[in-house]
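Written out below as structure tokens is the structure these notes cover.
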Amino acid sequence: MDTISQEQRSRTMSKIHSKNTKPELLVRRYLYANGFRYRLNVKTLPGSPDIVLAKYHTAIFIHGCFWHSHSCLQGRLPKSNVEFWTNKLNRNHERDITVREQLTAFGWKTIVVWECQLKPAVREQTLKEIVSILNEINLKQLHKKYQLPESTPIRIAAEDAKTYGE
Ligand SMILES: [Zn+2]
């Protein structure tokens with residue numbers, strides 16, 4: 001039995017699932033300071049993405065490493081109640097995949113930012129990467145809009161449904 005750790009976990013869960021969690025705020029503040037405008041928790045889109053940049057047709061998800069089974073240390077399964085956690089986390093994972101497929105089908109791009117990528121040591125780098133992905137998406141949109149020839153330089157083409165840092 002690990003009653004205490006379960007209690008702690010459910011507290012962590014309610015914290016992670018609540019709005020305006022700290023990692024989300026970090027991303028929002030940085031984007032805002034860099035001139036990006038967005039909407040939050042858009043319920044009309046699949047998975048109600050944390051941050052939606054309509055102009056870029058891009059949805060950003062800030063994923064907690066444990067709840068979304070990241071490949072980092074925090075994403076590891078607990079040692080007790082393995083079956084319970086396996087089922088629960090698998091369901092989360094399936095849902096994440098479905099949501100991204102739906103968004104892609106609707107013509108949206110998705111960026112996943114993991115909580116561990118917002119730790120102080122790597123935060124700045126991650127935030128810069130997000131901005132550069134958004135700029136690439138914007139460039140690609142402009143090319144499409146003005147039907148510029150392929151030879152017009154784009155540094156890196158943004159993928160559909162790009163996952164940051166996987
Ligand atoms: Zn992680």
Side-chain angles (χ1 to χ4, degrees), residues 2-34 36 38-43 45-53 56-104 108-137 155-166:
D2 62 343
T3 321
I4 293 165
S5 70
Q6 270 186 50
E7 255 171 49
Q8 284 170 339
R9 220 178 277 289
S10 64
R11 246 180 285 141
T12 310
M13 183 177 191
S14 62
K15 215 164 70 189
I16 286 170
H17 284 200
S18 68
K19 308 304 168 204
N20 302 325
T21 56
K22 200 177 169 231
E24 196 180 314
L25 269 179
L26 284 169
V27 177
R28 280 159 50 183
R29 283 208 199 102
Y30 189 86
L31 288 177
Y32 196 89
N34 283 277
F36 293 92
Y38 46 76
R39 288 192 297 149
L40 305 174
N41 309 113
V42 177
K43 302 267 188 301
L45 284 176
S48 68
D50 298 314
I51 301 172
V52 170
L53 296 108
Y56 297 79
H57 239 67
T58 298
I60 300 179
F61 292 92
I62 319 293
H63 276 352
C65 297
F66 177 74
W67 295 104
H68 297 270
S69 305
H70 192 209
S71 54
C72 72
L73 280 180
Q74 288 95 323
R76 287 199 302 208
L77 267 177
K79 289 194 168 50
S80 53
N81 297 320
V82 173
E83 200 185 329
F84 170 80
W85 288 112
T86 304
N87 290 336
K88 178 157 189 63
L89 297 175
N90 281 349
R91 278 198 305 275
N92 285 354
H93 187 63
E94 298 281 305
R95 193 169 56 228
D96 289 343
I97 291 172
T98 308
V99 161
R100 290 183 60 195
E101 282 173 355
Q102 288 171 338
L103 283 166
T104 305
W108 285 79
K109 300 201 169 42
T110 57
I111 297 173
V112 173
V113 183
W114 295 96
E115 219 168 52
C116 65
Q117 293 169 330
L118 294 167
K119 285 180 179 171
V122 289
R123 183 179 298 161
E124 183 75 16
Q125 177 64 26
T126 301
L127 294 171
K128 282 181 179 163
E129 292 261 7
I130 297 169
V131 166
S132 99
I133 291 169
L134 289 171
N135 287 335
E136 284 156 19
I137 290 170
R155 284 177 303 123
I156 307 161
E159 304 286 332
D160 288 333
K162 174 124 189 169
T163 299
Y164 174 73
E166 251 184 5

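Start at 1 and go down the list; that is how both ligands and their atoms are numbered. Computed from a predicted model, the values in this text were never measured in an experiment. Sequence positions, counted from 1, serve as the residue numbers for this chain.
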Taken to the nearest 0.5 Å, the spacing of S69 OG from N90 CG works out to 7.0 Å
Expected output: side-chain T110 to main-chain R100 donor-acceptor under 3.5 Å:
no
Note on the Zn ion (ligand 1): protein N/O/S atoms within less than 2.8 Å are C65 SG, H70 ND1, C72 SG, C116 SG
Aromatic ring pairing H70/W114, orientation class (parallel under 30°, perpendicular over 60°, tilted between): parallel
Sequence neighbours excluded, the answer for side chain to side chain donor-acceptor pair (under 3.5 Å) partners of D96 is H68
_Within the structure provided, determine whether V113 and I62 are in side-chain contact (heavy-atom separation under 4.5 Å)._
yes
* Do any N or O atoms from the side chain of Y38 and from the backbone of R28 form a donor-acceptor pair under 3.5 angstrom? -> yes
